[in-house]
There are 2 protein chains.
Amino acid sequence: MTLSEEDYIKIIYHLGKGEQGTVSTNAIAEKMETKPSSVSDMIKKLSEKGLVNYKKYQGVTLSEYGLKVALSIVRKHRLWEVFLVEKLEFSWDEVHEVAEQLEHIKSEKLIDMLDKHLGFPQIDPHGDPIPSKSGEFKKSIKRLLNEVPIGKEGICIGVKDSSPPFLKFLDKNKIALGDSIFVVDKEEFDGSLHIKIRDIDIRISDQIASNLYLRIIE
Amino acid sequence: MTLSEEDYIKIIYHLGKGEQGTVSTNAIAEKMETKPSSVSDMIKKLSEKGLVNYKKYQGVTLSEYGLKVALSIVRKHRLWEVFLVEKLEFSWDEVHEVAEQLEHIKSEKLIDMLDKHLGFPQIDPHGDPIPSKSGEFKKSIKRLLNEVPIGKEGICIGVKDSSPPFLKFLDKNKIALGDSIFVVDKEEFDGSLHIKIRDIDIRISDQIASNLYLRIIE
DNA sequence: ACAAATTTTTAGATTTGACTAAAATTTTTT
DNA sequence: AAAAAATTTTAGTCAAATCTAAAAATTTGT
Ligand SMILES: [Mn+2]
Ligand SMILES: [Mn+2]
Ligand SMILES: [Mn+2]
Ligand SMILES: [Mn+2]
């Protein structure tokens, strides 16, 4: 598989939300930062290779084989992200671009040993689950912070918006993965939240709360 | 720079033995596993980009800029090799192929932090010196262990005597290719050596030491 | 010195992945 | 149910990196 083919497969996977969804040519073109006509050409090739199911004008889905390939790339991407944060002191808003390159390195042993070196992590620095070698990954029970009931507590496991400005905000406010967040109160008027994090009470807007994923403890 | 251009530059560097030597089209073709005609084309391109000095039919040398690029690639290659051996439990004969891929990853921060993570190593698992960020590095030389000065360290790169008894001895004493050996002291009386290998102190006879090749710096 | 052998370069073709412009198809409006 | 709009595909180019075959330059052998 070429680097370009791998990028297409990964994008089709993400646009298909994991598995089923059929994906449009235009959507792929936008993500790939290329033209729809180029996408048509590539899809034809991927289809001939058995990586995608394709009928002209009817969108595209990953084949079983294509899904396997996609999960292997996602696995590599997320393991490298963990490596960069845990071992090389990168912060979570710096890792994606480098992982985009590292995910294409071809060596089964490399990724197995990297996994071991990192202690077989289950989630990446953005809270996304890391597929196992065989392509399974446990569905984490995510809930957006603004949907967490008052009086409940949860673990911060990820973000919906992973843009640098948002990640910077979290960093500045010392909100990080693994942190426990307790919802003290919710303001009806604007949906802003009063939360307790590391024994400190802070107030966050609905906009922030609706972009933070928690895993609810019970 | 494309991946292919980087490979050409690296090969021209190695064939030119570090710096001066002018390199022939045929030699490059052989190393690149391609045809001389393809090499001619690529050299023309590298010349236009100012990476090499080139006169038709007269061979090619790296420009000052090209040398800088070459050293940066060699640095990345060797740092990744150290990483694979030191952190991921690869053996010295498994790392080259993977490093050939990793050396093309583009991120200055990545390589700086990797260097730091590894403790700023001076030599790679094959005993070759690692250029500094600014492109300086020490020359490495091959020496029989009994000719290595006290206080020096080197990588075991080969044997002079490859008879079964000798290899058995090495195996029994856990001395293997790729191991780093530090010469602690030398006994004047019989020429026997006190060495440190994998943090263990052992004593070996002159007969053993005069049949083991090390690669040392400077 | 000069013919033969070798090395190197050019000419022309191929493959991959992309592009523009135009045609075909599907979807949305009226 | 057309007409209009949007999406998707095809047709025809292009650039990068490669190839084969042939021409040009250099080196070698007598
Ligand atoms: Mn990422
Ligand atoms: Mn991630
Ligand atoms: Mn190597
Ligand atoms: Mn090496």
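Below, read A as the first sequence line, B as the second, and so on, with proteins coming before strands; counting in each chain starts at 1.
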Just to verify, which of Q207(A), K186(A), E187(A) counts as forming a side-chain contact (heavy atoms from CB on, under 4.5 Å) with S192(A)?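 Answer to the side-chain contact (heavy atoms from CB on, under 4.5 Å) test with S192(A) among Q207(A), K186(A), E187(A): E187(A).
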Nearest-Å distance for atom pair [atom1]/[atom2], residues [X] and [N]:
X      : N       : atom1 : atom2 : value
L15(A) : dT7(D)  : CG    : P     : 15 Å
E5(A)  : dT15(C) : CD    : C1'   : 13 Å
Y54(B) : dT8(C)  : OH    : P     : 10 Å
L3(A)  : dA16(D) : CG    : P     : 18 Å
K44(B) : dT18(D) : NZ    : P     : 14 Å
D41(B) : dT20(D) : CG    : C1'   : 13 Å

Can you find a side chain N or O atom of [X] that sits less than 4.0 Å from OP1 or OP2 on [N]?
X      : N       : value
Q58(B) : dA25(D) : no
S38(A) : dA18(C) : no
Y57(A) : dT10(D) : no

Base, sugar-phosphate alone, or nothing: which one does S4(A) contact when heavy atoms must sit under 4.0 Å apart?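 Sugar-phosphate contact only.
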Heavy atoms under 4.0 Å, any strand shown: does S37(B) hit a base, just sugar-phosphate, or nothing?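 Counting heavy atoms under 4.0 Å across all strands, the contact made by S37(B) includes a base.
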Using the closest heavy atom to pick a nucleotide of DNA chain C for each, name whichever of K56(A) or K55(B) lands nearer the 5' end.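 Closer to the 5' end of DNA chain C: K55(B).
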Would you mind checking if [Y] and [X] are paired as a salt bridge, meaning a charged N to carboxylate O distance below 4.0 Å?
X       : Y       : answer
R203(A) : D185(A) : no
E100(A) : K10(A)  : yes
R78(A)  : E103(A) : no

Would you call the rings of F83(B) and W80(A) parallel, tilted or perpendicular, where under 30° means parallel and over 60° means perpendicular?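 Taking W80(A) first and then F83(B), their aromatic rings sit tilted (interplane angle of 30° to 60°).
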Tell me whether R198(B) contacts the main-chain N or O of K174(B) through its side chain, where contact means a donor paired with an acceptor under 3.5 Å.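 Yes, the answer is positive, given that a donor and an acceptor are paired below the 3.5 Å cut-off.
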K49(A) and E5(A): salt bridge (Lys or Arg N to Asp or Glu O under 4.0 Å), yes or no, with the steps? CA-CA 10 Å; K49(A) 287 196 175 189; E5(A) 286 170 352; 2.9 Å; yes
Close approaches to DNA chain D from residues 26-36 of chain B, in residue order (heavy atom, under 4.0 Å):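 Only T34(B), K35(B) qualify.
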